[in-house]
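The structure under discussion appears below in the form of structure tokens.
In this chain, numbering begins with 1 at the start of the sequence shown.
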Amino acid sequence: MEPTWIADSPADLSWPEEAPTAAGDELRQSILILANKYYGYSPEDATEDDPFGPLNCLAILRWLERSIDVEYALLIAQARTEGASWSEIGRCINLTKQAAQQRFGEIVAKIIPFCTDEVGPSPTGELADVLDHHYQGKRNFYQPGAIPDI
């Protein structure tokens with residue numbers, strides 16, 4: 001016999017307020033907002049054929065994860081432009097200097113020309129295209145509105 005999940009589920013309207021941490025509450029609220037805005041899902045619309053469940057939330061969380069990665073890269077690019085060292089950046093995000101530079105160095109180098117008045121070759125394309133190209137293939141992120149059939 002399969003076990004039955006008895007803790008709160010995303011289809012339960014109290015789900016956002018039942019996270020183990022305060023940050024979890026905020027994150028769950030954000031998932032519901034994103035689900036509704038970009039995917040048209042909300043717990044009160046859930047049906048047996050189209051549940052608002054953990055798989056949909058995981059896909060949204062994955063998209064949110066990419067958005068967070070992009071924000072990290074933009075903030076790190078700004079910090080580097082303002083003189084922060086990779087050691088300082090690494091300390092802020094709980095990584096070593098080398099790990100921070102390895103994870104973000106390439107994309108930061110691509111972002112800086114779009115966001116500074118630094119003299120040098122003009123970047124080609126749009127910043128959004130550069131970010132999409134950089135992250136394409138590195139992780140399987142779904143775009144808003146593109147949750148696969150689950």
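Leu75 and Val70 sit in two unconnected hydrophobic clusters of ILVMFWY residues. Membership requires side-chain heavy atoms under 4.5 Å apart, directly or through other members.
When the side chain to side chain donor-acceptor pair (under 3.5 Å) test is applied to Thr81, no partner is found at least two apart in sequence or on another chain. The side chain to side chain donor-acceptor pair (under 3.5 Å) test applied to Gln102 returns no partner, not counting sequence neighbours. By the side chain to side chain contact (heavy atoms under 4.5 Å, CB included) test, Ala109 is found to be paired with no residue, residues two or more places apart in sequence or in another chain being considered. Applying the side chain to side chain donor-acceptor pair (under 3.5 Å) rule to Glu18 yields no partners; only residues at least two apart in sequence or on another chain are considered. Every residue meeting the side chain to side chain donor-acceptor pair (under 3.5 Å) condition with Glu82, not counting sequence neighbours, appears here in chain and number order: Gln78.
Gly53 and Pro10 get closest at one heavy-atom pair: C-CG, 3.8 Å. Taking every heavy atom of both residues into account, Val108 and Ala77 meet most closely at CG1-CA, 3.7 Å. Considering all non-hydrogen atoms of both residues, Gly24 and Ala19 come closest at C-CB, 3.4 Å. Between Ile93 and Ala100, the shortest heavy-atom contact is CD1-CB, 4.3 Å. Nearest heavy atom pair, residue Ala99 against residue Thr96, reads N-OG1, 3.0 Å.
Formation of a donor-acceptor pair under 3.5 Å by the Glu88 side chain with backbone atoms of Ser85 is found in this model. Side-chain atoms of Arg62 never come within 3.5 Å of backbone atoms of Arg66 as a donor-acceptor pair (strictly under, hydrogens ignored). Without hydrogens or angle criteria, Ser9 side chain to Asp12 main chain gives no donor-acceptor distance under 3.5 Å.
Atom-to-atom distance recorded for Arg91:CZ and Ile89:CD1 is 10.5 Å, nearest 0.5 angstrom. For the atom pair CD1 (Ile60) and CG (Leu55), the distance works out to 11.0 Å, reported to the nearest 0.5 Å.
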Which donor-acceptor pairs under 3.5 Å do the side chains of residues 27-34 make with protein atoms, sequence neighbours left out?
unit_1: Arg28; atom_1: NH1; unit_2: Trp15; atom_2: O; d: 3.0
unit_1: Gln29; atom_1: NE2; unit_2: Glu17; atom_2: OE2; d: 2.9
unit_1: Ser30; atom_1: OG; unit_2: Glu26; atom_2: O; d: 3.0

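For the pair Trp86 and Arg80, the minimum side-chain heavy-atom distance is below 4.5 Å. Using a 4.5 Å cut-off on side-chain heavy atoms (C-beta onward), Asp69 and Ile107 make no contact.
Residues in residues 89-110 take part in these ring pair (Phe, Tyr, Trp, His ring centres under 6.0 Å) pairs, two or more places apart or across chains: Tyr72-Phe104.
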